Amino acid sequence: MAQPGDGRSIGVFDSGVGGLTVLAELRRRLPQEPTVYLGDNARTPYGPRPADEVRRFTLESVDWLLSQDVKLLVLACNTATARALDDVRGRSDVPVVGVVRPGAVAAAAATRSRHVGVIATVGTVDSGAYPAAIVEADPATDVVQLACPELVPMAEAGILDGRRAESVLRAYLEPMLAADPAMDTLLLGCTHYPLLRGPIERIVGDRVAVVDSAFTTALAVEDLLDALGARAPRAPRDEASMHRVATTGDVNAFMTVAERLFGERLPQVEAIEIGVVAPLPVD
Ligand code: DGL
């Protein structure tokens, strides 16, 4: 149970580096909160993997975070949230916030036409989690979703703008926009896509609001901490020791990709071992 004035960390999970977009928003909004981030880089990407594998990997990763004495868990990974949120809640003795509901709330608040597009990984799209959550937030909303499997590898390779990024994005987005000309909101349903926001906004134009779940997830965490009386006490702290980052993969590779994507050198990254590395399914 979270306790009043709880100085324990917030645990943040992602399949890899992408969840740092959510961590950055949490740290901006809640600067006094210590965090521990885990990226399951040894088994990333989760997007193309079967649902039961994503569930297993997520639970194994979450077990490690729970062993770090966290007061709250954030599933920053859309695919893990879409596939495993209920299982994680069943396992966890601390509250769990996923990114799908906050993303759906952001989209429902942004749309005027009630036509929303969602782009995400194959796993997230297959789960149907976003259409269900958006319709729950506003039952009158039409949702069109599209899996964009090329975007995560492209972003991880550091291709975040320019001709190649634009042509890959156009190939996904233009047919989507043409299929629903009333679409006025595009939800970025994957941790990596906010890194491509610039070219995405240029392609969809002013008519379409581009939203993601990072900001609304941080708000949901803040509300929950307030409801539980579990904000960290405002004690003077050393920034570096307040925020731990761990990976199941190679530490140097993690730091290289994180630096490429976020332009920021991370503090010491811890290497941890969990579960068994499994090959990706072949098409
Ligand atoms: N973190 C994943 C998500 O938000 C993207 C990367 C992956 O496929 O593992 O869906």
Side-chain angles (χ1 to χ4, degrees), residues 11-26 37-62 65 73-85 88 97-104 106-107 118-131 133 145-160 172 186-197 200 211-218 245-249 253-254 257-258 260-262 274-275 277-281 283:
V12 182
F13 171 65
D14 182 48
S15 57
V17 293
L20 293 172
T21 53
V22 177
L23 180 69
E25 199 55 51
L26 278 170
Y37 179 95
L38 173 62
D40 190 11
N41 293 74
R43 303 183 289 194
T44 202
Y46 280 14
R49 292 185 183 276
D52 56 345
E53 202 167 57
V54 171
R55 250 174 243 127
R56 185 156 52 85
F57 292 176
T58 302
L59 288 173
E60 286 171 357
S61 303
V62 156
L65 279 171
L73 272 178
V74 177
L75 292 189
C77 178
N78 293 260
T79 311
T81 303
R83 295 296 202 192
L85 179 63
V88 173
V97 175
V99 281
V100 168
R101 195 159 185 281
V118 179
I119 54 173
T121 65
V122 170
T124 300
V125 166
D126 279 357
S127 76
Y130 268 116
Q145 48 169 6
L146 180 71
C148 304
E150 281 184 72
L151 299 188
V152 166
M154 186 174 87
E156 296 231 340
I159 304 169
L160 303 178
Y172 285 127
L186 179 70
L187 173 58
L188 309 182
C190 173
T191 46
H192 289 60
Y193 300 176
L195 298 160
L196 299 161
R197 183 183 281 273
I200 290 173
V211 297
D212 67 61
S213 47
F215 178 72
T216 39
T217 299
V245 177
T247 175
T248 59
F254 184 95
V257 179
R260 189 185 292 149
L261 298 185
F262 299 94
I274 47 168
V277 177
L280 278 171
D283 296 325

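Counting starts at 1 for both ligands and their atoms, in listed order. As the structure is a computational prediction, the values presented were derived from the model and not from experiment.
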For this session: Of the side chain and backbone of Thr191, name the one, both, or neither that has a heavy atom under 4.0 Å from an atom of ligand 1.
Result: both
For this session: With heavy atoms under 4.0 Å as the rule, classify the contact between Thr79 and ligand 1 as side chain, backbone, both or neither.
Result: both
Exercise. For atom 8 (O) of ligand 1, what is the nearest protein heavy atom, given as residue, atom name and distance?
Worked result: Gly47 N, 2.8 Å
Exercise. Side chain of Glu25, backbone of Ala218: donor and acceptor closer than 3.5 Å?
Worked result: no
Problem set entry | Val99 contact mode with ligand 1 (heavy-atom cut-off under 4.0 Å) | neither
Seminar exercise, completed: for atom 6 (C) of ligand 1, nearest protein heavy atom and its distance come out as Ser15 OG, 3.6 Å
Exercise. Has ligand 1 got any nitrogen or oxygen that is less than 3.5 angstrom from a nitrogen or oxygen of Val152?
Worked result: no
Exercise. What heavy-atom pair brings Val54 and Tyr46 nearest, and what distance separates the two atoms?
Worked result: CG2-O, 3.6 Å
Problem set entry | Closest approach of Gln145 to Val125 (non-hydrogen atoms, all atoms of both residues) | NE2-O, 3.0 Å
For this session: For Cys190 and ligand 1, answer yes if some heavy atom of the residue is under 4.0 Å from a ligand atom, otherwise no.
Result: yes
Seminar exercise, completed: side chain to side chain contact (heavy atoms under 4.5 Å, CB included) test vs Tyr37 passes for just one of Val74, Leu23, Val22, namely Leu23
Exercise. Which residue, Asp212, Val152, Thr79, Thr124, forms the side chain to side chain contact (heavy atoms under 4.5 Å, CB included) with Cys190?
Worked result: Val152
